[in-house]
Number of protein chains: 2
Amino acid sequence: MTTINDIAQMANVSRTTVSRALNNSGYVSEDARKRIMKIVEETGYIPSQSAKSLRTKRSGVIGIILPRLSTETTTRVVNGINESLAKEGFQILLTDTELDKQKEIEYIRLLKSRHVDGIILLATNVNDELLKTIQEVDIPFLSIGQELPGVTSLVYDDYHAAADLTNMLIHKGHEKIAFIGVTNEDPSVGGKREQAFRDIMKENDLPVDENWIGEGDFSIDSGYEQMKKILKNSKDNRPTALFAVTDRMAIGAMEYLKEQGYKIPEDIAVVGIGASMMSKYMTPSLTTVDYFNDEAGRNAASLLLRKLKNEEIEKKFELSYRLILRDSV
Amino acid sequence: MTTINDIAQMANVSRTTVSRALNNSGYVSEDARKRIMKIVEETGYIPSQSAKSLRTKRSGVIGIILPRLSTETTTRVVNGINESLAKEGFQILLTDTELDKQKEIEYIRLLKSRHVDGIILLATNVNDELLKTIQEVDIPFLSIGQELPGVTSLVYDDYHAAADLTNMLIHKGHEKIAFIGVTNEDPSVGGKREQAFRDIMKENDLPVDENWIGEGDFSIDSGYEQMKKILKNSKDNRPTALFAVTDRMAIGAMEYLKEQGYKIPEDIAVVGIGASMMSKYMTPSLTTVDYFNDEAGRNAASLLLRKLKNEEIEKKFELSYRLILRDSV
DNA sequence: CCTAAATGTGTAATCGATTACATGCACATG
DNA sequence: CATGTGCATGTAATCGATTACACATTTAGG
């Protein structure tokens with residue numbers, strides 16, 4: 001492999017000069033520069049990033065830690081992040097925790113060992129070991145989707161989004177509303193959305209029958225199963241609407257409802273959260289909330305870049321959202 | 001930052017011994033090993049990958065070059081790749097060309113500079129400069145989706161998949177079949193699928209009216225627009241079926257058809273390729289071809305890993321597929 | 001014409017690991 | 001008892017860049 005030394009030799013200069021020419025730093029005569037560039041061109045020389053980053057402590061790489069690589073939400077966020085970063089010449093190092101808390105921590109450390117300049121975490125849970133690790137590695141850090149104490153966080157306004165959806169259902173006349181959530185180890189999706197739902201129901205003096213509550217695991221299948229369970233448990237007092245905290249679970253639930261011959265929204269109205277592609281094209285189209293994930297990703301990346309430049313930035317950013325009313329209610 | 005030297009000093013050994021302890025290479029006494037590990041634990045020491053990879057020429061990172069980060073197909077492939085790689089302790093460095101041929105080449109070189117151990121390219125086109133660059137960088141290389149001469153390639157059986165779909169439509173009695181393809185700079189999606197379609201039509205002595213042919217750009221919108229164009233151009237001789245080479249374009253086309261009040265499949269049958277999530281949940285559900293993208297990704301990764309171990313492997317692998325018959329035909 | 005500043009280039013240390021080679025010791029073997 | 005072998009550790013070179021510092025030459029200003 002050609003190295004900077006080879007180039008230096010061929011161009012009859014020291015490697016210092018080659019380095020300066022390539023990085024536009026310091027003084028280099030026009031003559032030397034030309035000679036160097038020509039040889040770089042001819043040889044196809046590519047500088048070693050490992051050597052560079054060993055010396056400079058920078059890599060031009062941002063690490064991303066995802067709970068799942070295969071959901072639309074994460075894809076959109078990653079896409080947004082990449083858009084912002086690529087413009088500035090940064091690359092993305094991807095890791096997927098498969099929802100494993102231990103891996104989350106492991107990957108933070110691994111990314112540090114790889115000298116990433118910053119880390120973006122799509123967090124799904126909050127715990128002390130995680131926070132401690134983030135402190136320890138001492139790398140510009142950013143969390144999307146969960147508020148991590150002491151860490152710059154971009155959070156969706158889960159509470160109000162869920163509250164708006166619930167209110168909307170109530171205004172449409174629904175009084176018996178079923179709910180499919182997720183574990184509240186996930187404070188945002190599991191905690192806040194359910195809290196908002198319960199708060200709004202209470203505000204309107206509407207009872208929440210615990211038979212109408214299900215807990216899924218984000219998957220379409222779990223939506224299907226939980227809907228089945230809810231209907232079984234409420235034979236004599238069927239809910240007239242369902243609030244699923246993710247589109248995928250809403251879709252699974254609709255699948256079951258259709259199978260059983262229920263009409264949506266006449267027999268049961270359904271809402272989700274996420275504004276997935278599918279929500280738009282299925283029949284009936286699904287009422288949902290758009291979290292502008294691409295934009296969240298873009299914002300996250302540019303905030304992180306600002307952090308890298310040592311700009312002081314706030315700790316918490318609340319993202320906007322938008323209700324999308326469609327045919328399922 | 002703590003380095004191997006700090007650890008060595010604290011443990012009263014040379015850094016050689018620390019290195020050996022950490023990498024389980026050579027002899028290290030139980031006593032020394034324990035002392036070292038304890039200190040590593042306490043200090044939270046993380047070895048620098050830059051230094052390591054500068055010395056060893058390996059990074060434990062595989063570069064991936066995608067045409068788009070945001071489609072289901074690529075996501076599924078990446079997911080599969082990651083599954084295989086993560087097991088072996090490799091990470092993924094992601095780049096997105098946004099369908100720009102020049103970036104494809106740029107990123108290959110960039111990935112080399114980052115000392116990736118191998119590169120997986122989801123190619124969308126084949127050209128000499130690309131092939132030349134791949135030769136030049138001399139890194140274990142693998143292509144998915146296009147056959148690149150001289151490069152280990154995993155290819156979908158586009159020809160037969162498209163032929164099967166066309167035959168199926170013909171057996172259902174369709175004789176006037178419209179077609180929405182993409183540019184044939186993409187030899188697989190653009191070239192082979194259209195070729196198969198035309199071949200099968202010819203075999204069955206069925207005419208292909210050029211008014212029934214559209215060219216989209218993979219997007220849902222383009223499917224919508226091309227369908228509109230086709231119907232406008234064939235007022236007096238409307239096709240009874242549509243073959244779109246991707247699910248997304250099929251979905252766009254269905255969107256337009258529904259808007260215009262056509263019944264699917266009664267008035268016009270529609271098929272796509274890709275087995276997207278959406279194809280399953282929309283109404284009517286879309287007949288399509290499943291390319292098992294996850295598996296393709298997994299296979300690609302494990303083939304690449306075998307290459308890294310210097311195993312000799314074949315140049316071309318043809319992937320299997322499966323027709324999924326649904327309600328849209 | 002003298003001095004200070006600007007320009008151009010090189011020397012050598014440095015980043016943090018790995019690893020070939022050398023050394024020392026304990027023990028078994030013939 | 002001489003010697004070969006396994007174990008444990010250390011010394012120092014090396015990977016390929018960047019950069020502080022020194023030095024030489026040119027240019028500008030008074």
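- Contact annotation: B:N5 does not reach the phosphate of C:dA17 (side-chain N/O to OP1 or OP2, under 4.0 Å).
- Backbone-only contact: A:T3 has heavy atoms under 4.0 Å from sugar-phosphate atoms and none from a base.
- A:E30 has its CD atom 20 Å from the P atom of C:dA6, to the nearest Å.
- In this model, a side-chain donor or acceptor of A:T16 finds a partner on the base of C:dT11 within 3.5 Å.
- Between A:H115 atom NE2 and C:dA17 atom P there is a gap of 7 Å when expressed in whole angstrom units.
- Few gaps surround CD on A:E42; more than 12 heavy atoms of other groups in view lie less than 6.0 Å from it.
- Within the structure, every side-chain polar atom (N or O) of B:K57 is placed at least 4.0 Å from both OP1 and OP2 of C:dT18.
- Rounded to a whole Å, the CG atom of B:N12 is 9 Å from the P atom of D:dG10.
- Rounded to an integer number of Å, the gap from CZ of B:R15 to C1' of D:dT14 is 11 Å.
- A sub-4.0 Å separation between OP1 or OP2 of C:dG8 and a side-chain N or O of A:Y27 is absent.
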- Does the side-chain hydrogen bond (donor to acceptor under 3.5 Å, both in side chains) test come out yes or no for B:R33 and B:N24, once each step is laid out? CA-CA 10 Å; B:R33 162 167 277 120; B:N24 289 314; 3.3 Å; yes
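- Backbone-only contact: B:S48 has heavy atoms under 4.0 Å from sugar-phosphate atoms and none from a base.
- Of the residues near DNA chain C, B:S25 and B:L54, the one whose nearest nucleotide (by heavy atom distance) lies more toward the 5' end is B:L54.
- A salt bridge links A:K103 and A:E98; the closest N-O separation between the charged side-chain nitrogens and carboxylate oxygens is under 4.0 Å.
- Across the protein-nucleic acid pair, A:N23 atom CG and D:dG16 atom C1' stand 13 Å apart, rounded to whole Å.
- If you take CE of B:M1 and C1' of C:dA17, they are 11 Å apart, rounded to a whole angstrom.
- A donor-acceptor pair is defined here as one N or O able to donate and one able to accept, closer than 3.5 Å; no such pair exists between the side chain of B:N125 and the backbone of B:E185.
- Map B:R33 and B:T56 each onto its nearest nucleotide of DNA chain D; the residue landing nearer the 5' end is B:R33.
- Residue B:S14 is in base contact, counting any heavy-atom pair closer than 4.0 Å across all strands shown.
- Listed pair A:T17 / C:dG10 meets the phosphate criterion, a side-chain N or O lying under 4.0 Å from OP1 or OP2.
- Residue side chain B:R20 reaches the base of D:dG10 through a donor-acceptor N/O pair under 3.5 Å, judged by distance alone.
- Annotation for B:R298 and B:G80: closest pair CG-O, 3.3 Å, computed over non-hydrogen atoms.
- Summarising the geometry, the separation between CD on B:Q9 and P on D:dT11 is reported as 13 Å, rounded to the nearest angstrom.
- Counting to the nearest Å, the P atom of D:dA12 and the CZ atom of B:R55 are 16 Å from each other.
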